[in-house]
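Everything below concerns the one structure shown next.
Chain naming here is simple, since letters A, B, ... match the order of the sequence lines and numbering starts at 1 in each.
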Number of protein chains: 2
Amino acid sequence: MNRAESSLDTIDIILRTATEHFAERGLAGARIDEIARDAGVNKATIYYHIGGKDELYAAVFRENMRNSTERLLSNVEAKQTAEEKFKAYVQTMVENLRENKAAAPLMMRELASGAENIPQEGLQYIVKMLTTIIQTLEQGRQDGSFRDTNPGLTHLMIIGSIMFYTAGEPLRKKLMGLMGADFPMLEYTKDCDLARDISDFLLHALKP
Amino acid sequence: MNRAESSLDTIDIILRTATEHFAERGLAGARIDEIARDAGVNKATIYYHIGGKDELYAAVFRENMRNSTERLLSNVEAKQTAEEKFKAYVQTMVENLRENKAAAPLMMRELASGAENIPQEGLQYIVKMLTTIIQTLEQGRQDGSFRDTNPGLTHLMIIGSIMFYTAGEPLRKKLMGLMGADFPMLEYTKDCDLARDISDFLLHALKP
DNA sequence: GTCTATATACCGATAGAC
DNA sequence: GTCTATCGGTATATAGAC
């Protein structure tokens with residue numbers, strides 16, 4: 001193993017570990033010492049390879065957004081009709097957020113903080129995702145398969161429901177103990193089941 | 001002014017100030033010194049009246065949930081039909097979250113943290129809100145005005161879209177500069193306009 | 001590139017006067 | 001009930017050896 005490969009592995013494990021810590025405790029709550037410990041590297045190694053806490057956070061956010069966006073765009077572009085693209089958008093968003101449990105918490109904390117720590121590159125990825133869903137809704141509107149809705153509002157429904165479902169799991173567990181039989185069953189084992197229900201619900205709302 | 005009134009005023013200004021700080025910076029990021037400074041009270045006064053940081057946070061969360069829940073239940077119960085109740089639920093949720101800008105960030109941070117710092121009383125308020133919307137959807141299903149959907153999923157659409165809209169304002173401002181004309185117009189000046197669009201979209205999805 | 005040791009600063013909390 | 005002053009603990013960041 002040469003030095004380049006070793007550095008890549010070290011940086012990768014640091015970023016993966018930091019992702020979990022920033023998601024669970026936030027930028028202010030995460031501890032550089034704990035990230036270094038859990039990553040199995042010395043604390044100074046983080047400063048040597050990546051930089052201070054803010055730079056580490058920016059790198060984490062950027063890498064997570066890059067992965068999600070690339071997969072989303074690739075899966076949507078592979079489809080032809082507006083309805084297929086819409087379903088692919090929802091399905092891929094569900095997959096991304098359920099495979100990477102940190103993604104929703106990272107974004108929700110950013111919204112709560114006024115999006116002040118999102119790096120410029122991260123904003124570009126958000127723009128790409130937004131553009132994709134807007135074009136899909138416009139395609140469906142023009143060929144008559146979707147009615148004319150505000151695309152921004154429609155996207156809020158998609159992203160809001162999926163992120164609240166993904167990040168809401170611990171809260172649902174706490175509520176289940178209090179509500180008992182009155183609590184609506186909302187635990188999906190498979191990504192495709194959740195994606196299907198959300199797609200069905202929203203496509204019903206988009207039906208002309 | 002007697003001592004009791006004075007204490008109530010002091011506690012009230014502390015809780016109001018702390019609400020903003022915890023919303024903007026989180027439990028870990030908020031600073032007791034800054035809360036005391038912005039509230040215009042001595043730091044030790046907070047410890048005397050309320051307690052440490054965790055107790056202050058719990059008090060903030062509980063009071064915010066109490067206000068929101070009382071108003072929500074009151075407005076929904078005043079209506080008769082399922083559709084009127086549904087609209088009142090959405091309308092009141094929009095009003096609550098737009099009048100109290102801290103509410104959405106507080107809840108989103110809690111979800112990101114695994115709901116670990118929600119006080120027991122706060123969970124009870126969430127249960128009350130959930131029960132209200134579930135009963136409304138069930139009423140509409142029984143009288144034929146709503147189709148049979150998963151009430152938990154429907155609630156995710158309501159709460160997810162409103163909270164992401166409310167908390168997403170700073171991010172939208174940043175994105176507008178990058179996207180220009182492609183960005184979908186999504187700025188509502190009046191609560192009722194946002195509530196109407198969300199209600200219309202979701203009632204279309206609930207239509208049998 | 002990775003380690004130990006430490007500088008520097010900050011923050012939560014409280015003791016004690018008034 | 002409110003103030004000043006301060007303790008004790010902890011966090012980020014870096015200097016310097018290897």
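Mapping A:Lys43 and A:Tyr48 onto DNA chain C by nearest heavy atom places A:Tyr48 closer to the 5' end of the strand. Two residues, B:His49 and A:Asp54, neighbour DNA chain D, and the one matched to the more 5' nucleotide by heavy-atom proximity is B:His49.
A:Arg109 contributes a side-chain N or O that, together with a main-chain N or O of A:Glu24, makes up a donor-acceptor pair within less than 3.5 Å. The backbone N or O of A:Thr69 sits nowhere less than 3.5 Å from a side-chain atom of A:Lys128 that would complete a donor-acceptor pair.
Among the protein residues, B:Ala36 comes within range of no part of the nucleic acid, since none of its heavy atoms lies under 4.0 Å from any strand. B:Ala30 comes within contact range of the sugar-phosphate backbone alone, with a heavy-atom separation under 4.0 Å but no base atom that close.
The phosphate of C:dC3 (OP1 or OP2) has a side-chain N or O of A:Thr45 nearer than 4.0 angstrom. For the OP1/OP2 pair of C:dG12 and a distance below 4.0 Å, the side-chain nitrogens and oxygens of B:Arg31 include at least one atom meeting the criterion. The phosphate of C:dT4 has OP1 or OP2 within less than 4.0 Å of a side-chain N or O from A:Asn42. Applying the 4.0 Å criterion to OP1 and OP2 of D:dA13, one finds that A:Tyr47 has a side-chain N or O inside that range.
The aromatic ring centroids of A:Tyr165 and A:Tyr188 lie less than 6.0 Å from each other.
If you measure from atom CG of A:Leu56 to atom C1' of D:dA11, you get 15 Å, rounded to the nearest angstrom. Rounded to whole Å, the distance from CD1 on A:Ile50 to P on C:dG1 is 12 Å. Whole-Å rounding puts the A:Ile32 CD1 to C:dA7 P distance at 21 Å. Taking atom CG on A:Asp33 and atom P on C:dC10, their separation rounds to 18 Å, with Å as the unit. Following rounding to the nearest Å, B:Ile35 (CD1) and C:dA13 (C1') show an atom-to-atom distance of 14 Å. The interatomic distance linking B:Arg37 (CZ) with C:dC10 (P) rounds to 13 Å, in whole Å. Between the OH atom of A:Tyr57 and the P atom of D:dT12 there is a distance of 15 Å, rounded to whole Å.
The pair A:Arg16-A:Glu20 fails the salt-bridge criterion, with no side-chain N (NZ, NE, NH1 or NH2) lying under 4.0 Å from an Asp/Glu carboxylate O.
Considering NE2 of B:His21 and CD of B:Glu34, their distance stands at 6.0 Å, rounded to 0.5 Å.
Among the nucleotides C:dC3, C:dA13, D:dG1, the one closest to any side-chain atom of B:Lys53 is C:dA13.
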